[in-house]
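Below: the structure, in structure tokens.
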Amino acid sequence: MNILGISAFFHDSAAALVQHGRIVAAAQEERFTRRKHDDAFPARAVEWCLAAAGLPAAALDAVVFYEKPLIKFERILESSLAFAPGGFPAFLRAMPPWLQRKLHLPREIDKGLGGRYAGPILFATHHESHAASGFYPSPFEEAAILTLDGVGEWSTATWGIGRGSQIRLEEELRFPHSLGLLYSAFTLFCGFRVNSGEYKLMGLAPYGDPRFTDTILREIVDLRADGSFWLDQRFFRYAAGLRMTSGRFHRLFGGPPRRPDAPITQREMDLAASIQRVIEEIVLRIARHVHARTGMANLCLAGGVALNCVANGRLLREGPFARLWIQPAAGDAGGALGAALAHWFGHLGNPRHAEPVDAQRGSLLGPAFDDAAIDEAIARHGAVAESFPTESALVEAVATELAAGRIVGHFAGAAEFGPRALGNRSILADPRAADMQRRLNLAIKFRESFRPFAPAVLTGRASEFFEHATDSPYMLLVAPVIGGRPAGDTAQGVGIERLRHVCGPVPAVTHVDGSARVQTVDAARNPRFHAILDAFARRTGCPVLANTSFNIRGEPIVHDPADAYRCFMFTDMDVLVLGNRLLRKPAQPAIEGAAAYQRSFKPD
Ligand SMILES: [Fe+2]
């Protein structure tokens, strides 16, 4: 039984294939089209999922879309009539172009599958899809489930219980009261892009003083003991589909929004710190409520807000649940996976047995390229590559380069599903070097950033470096670095300058508040990456590497060997690993077009 899940026409379109309940393939459209957050019908991702399983479209038994377009249309229509100053005419003008396509979804899906699929097209609700993506792949036979995001049809947050193959959602919060939209409003107000800048706002928070927290809770958010809340719509404009924030919001925080090209000031840092506090408080309250109502020891999380790994870290340390499992593709891309799983388990009632590790397979569910494809790309570029008698010889060579302070692009195995690079499409470097954070940013990403990189650490040695160390295979939990904060917390420097004065054992991956976004690496999920870390640790005593996604700023993570080679050549990366080949920069023929390459991606 082959089930294809699709998410599309909002942001982060994706496709996922589930065969007899097993996750076989999942990929986001942006990787193929090279358009970040591509929201078009995921034709290339669908095509690849089918090819990966060797299936024609006609062999699919069901296609499941991740939300219900008519209910969503009703929500947009109703809220426009209620909130838009111009009522229905304003709604028509503001009606997003995707809505047209969404209303004709069966036709769009039919077209996207080339007219070769005649089976049923089914729909899960948006939060059913998120909940399914959070629970079914988790290692738990039973768990509480919490979904938190911007908005789907009407729901903005739901909680429920997963048991075996069944999920029951118990309560919901409804639009326009939304944690995701609240966070997005502050993201936009601080001059970052909605749907990609939320991560930056979270990264900015440690620089700020949460002096607006009380103002937000007094004026904007009416927060109750059970974590449910009500947002005063006089501060917002999103329900009318116009803007995120109103004049009243701007007056409350001392003036108009920051322009994206303007310098970041203390106000933005303090706003970031304040809204982060509010989000954490809400998440903790909801979690306590859900725990009290369900009595469950385990919690599964999904929805875009579940990518807030600082809140996740606090939830694990201070919250009532013993264990957390968070869907790595927590945003809408993961809805494709959830929709397919919801059909197999929830609707068809097939039995489910939780796998001890989890069923997400390290989230290494995307396209892979074999030696032949890699050698073909190398030949096509006239590139010079070294081969090794064994994989371990290659791994040792990579570790030697890293230990010598070189920056290595590592492209191997299947691509990650979800926004984080987990080793297979990663740029790796020695995290102990004091200047590595700046070097990686300026020489590779072409940006100056106030954010550190993430540490990848051998699972068994995480507790030597991080407090409350726990399994964090998908880089979704922030934890304090042991010795990462200067004694007495006397941080040097002002503003984002402070990142240069971070101390501790791994400064390139330590934030100004002494925290880090940890990825634990085990041999079961990713044997190659585990071997590289192990070889690096044998040389240096340090089982940690800095891990950042393989791309420049604004570029989707590299998809094929040609993307990887180009990114390698047009940046100051020293070494490139393509599968089982190793390429050194000085050995490569000159290549033109660096400036055009950098210009081709809009900074985000
Ligand atoms: Fe969502």
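As the structure lists them, so they are numbered: ligands from 1, and atoms in each ligand from 1. The model shown is predicted, which means the values in this text are computed figures rather than measured ones.
- Ion pair Arg293/Glu171 flagged as a salt bridge, since at least one NZ, NE, NH1 or NH2 atom sits closer than 4.0 Å to an Asp/Glu carboxylate oxygen.
- For Glu141, there are no salt bridge (Lys or Arg N to Asp or Glu O under 4.0 Å) partners at least two apart in sequence or on another chain.
- Aromatic ring pairs are classed by plane angle as parallel below 30°, tilted from 30° to 60° and perpendicular above 60°; the pair Phe32 and His559 is tilted.
- Listed by chain and residue number, nothing satisfies the salt bridge (Lys or Arg N to Asp or Glu O under 4.0 Å) test with Arg248 (two or more places apart in sequence, or in another chain).
- Counting only distances under 2.8 Å, and ignoring water, the protein N, O or S atoms around the Fe ion (ligand 1) are His126 NE2, His130 NE2, Asp149 OD2, Asp332 OD1.
- The shortest heavy-atom contact between Leu4 and Ala15 is CD1-CB, 4.4 Å.
- In terms of the side-chain hydrogen bond (donor to acceptor under 3.5 Å, both in side chains) criterion, residue partners of Asp226 (sequence neighbours excluded) are, by chain and number, Ser228.
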